[in-house]
Amino acid sequence: MILGVNVDHVATVRQARGGIEPDPVDAAMEAIEGGADGITVHLREDRRHIQDRDLEVLREKVSIELNLEMAATREMIGIALRVRPDMVTLVPEKRKELTTEGGLDLKKSEQKIKRAIERIQAEGIPVSLFINPSIRDVVVSKRLGAQMVEIHTGRYADAKGRRQDAEFERVRRAIEKGLEIGLLVNAGHGLNYSNVQRIASISGLRGLYIGHSIISRSIFVGIKEAVREMKELIKA
Ligand code: PXP
């Protein structure tokens with residue numbers, strides 16, 4: 001099971017003072033030393049954390065999987081084709097949200113997403129769609145031509161008790177369906193050191209994409225150790 005570490009929040013701290021530290025590129029290097037299999041950044045349209053230059057430097061320095069999360073806009077597609085990350089994850093984006101709140105609305109944006117997938121994959125960069133744990137959205141993702149999906153685990157992560165069991169089932173069924181129809185299936189959002197193992201135990205899952213909990217833990221133990229601990233929890 002691969003672990004993609006999202007370093008956006010290192011840039012969040014840097015942007016709080018508008019200076020040069022802490023550097024998300026240094027954080028990525030530490031994460032790699034701790035055993036990360038991939039590095040993820042979300043270049044948001046409002047550039048609230050990761051900046052264009054971070055992405056360029058990461059592309060030069062990261063030799064493991066570099067995953068660019070982005071909205072399916074003309075500007076972002078241009079950047080992806082120029083910088084050439086190892087994969088692109090298309091996500092919905094709202095300016096006022098604190099973090100990505102849900103999966104893509106495939107009903108509303110079907111044509112836009114289809115065109116984005118075609119343009120990016122035509123250049124040899126695989127595209128993953130960040131979707132809600134819904135069978136329908138998994139099937140539509142395949143129809144739109146995506147090679148991969150990332151199932152949103154945010155509701156599972158936020159729920160408690162029986163409601164969490166129900167959310168877990170939704171995630172599990174969506175993953176199962178994705179595998180059945182030949183997609184590569186990942187999961188992520190809201191996963192932490194207490195709730196990750198249940199998701200990691202779902203067989204066939206390709207990888208997990210985790211940011212906030214790892215960067216939070218790294219304040220106390222350092223990034224290398226925080227990544228190492230997460231890797232230990234999710235190893236198959
Ligand atoms: N996957 C996607 C598509 C995301 O947008 C995010 C948040 O940037 C994550 C995973 C990681 O979520 P978290 O920071 O809650 O671990």
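Counting convention: from 1, in listed order, for ligands and their atoms alike. Residue numbers count from 1 along this sequence. Every heavy atom of this structure was used, including side-chain atoms; hydrogens, water molecules and symmetry mates were not.
Applying the 4.0 Å criterion to heavy atoms of Tyr209 picks out, from ligand 1, the atoms 10 (C), 11 (C). For ligand 1, the atoms lying closer than 4.0 Å to a non-hydrogen atom of Val91 are 3 (C).
Nearest protein heavy-atom contact of atom 16 (O) of ligand 1 is Gly211 N, 2.8 Å. Of the protein's non-hydrogen atoms, the one nearest atom 15 (O) of ligand 1 is Gly190 N, 2.8 Å. Atom 8 (O) of ligand 1 has as its closest protein heavy atom Asn6 ND2, 3.4 Å. Given atom 14 (O) of ligand 1, the protein heavy atom at minimum distance is His212 N, 2.9 Å. For atom 1 (N) of ligand 1, the nearest protein heavy atom (residue, atom name, distance) is Glu150 OE2, 2.5 Å.
Among Glu93, His189, Glu69, the residue whose heavy atom lies nearest to atom 2 (C) of ligand 1 is Glu69.
Residues Leu205 and Ile199 approach most closely at CD2-O, 3.5 Å, considering heavy atoms.
Summarising the local packing, CZ of Arg47 is surrounded by more than 12 heavy atoms from other residues, nucleotides or ligands at distances under 6.0 Å. Within 6.0 Å of NZ on Lys231 lie more than 12 heavy atoms contributed by other residues, nucleotides or ligands.
For the residue pair Glu93 / His42, a side-chain donor-acceptor distance below 3.5 Å is found, with atom types taken as modelled. With 3.5 Å as the limit, one finds a donor-acceptor pair spanning the side chains of Thr40 and Asn67.
Using a 4.0 Å cut-off between a side-chain N of Lys or Arg and a carboxylate O of Asp or Glu, Glu56 and Lys61 do not qualify as a salt bridge.
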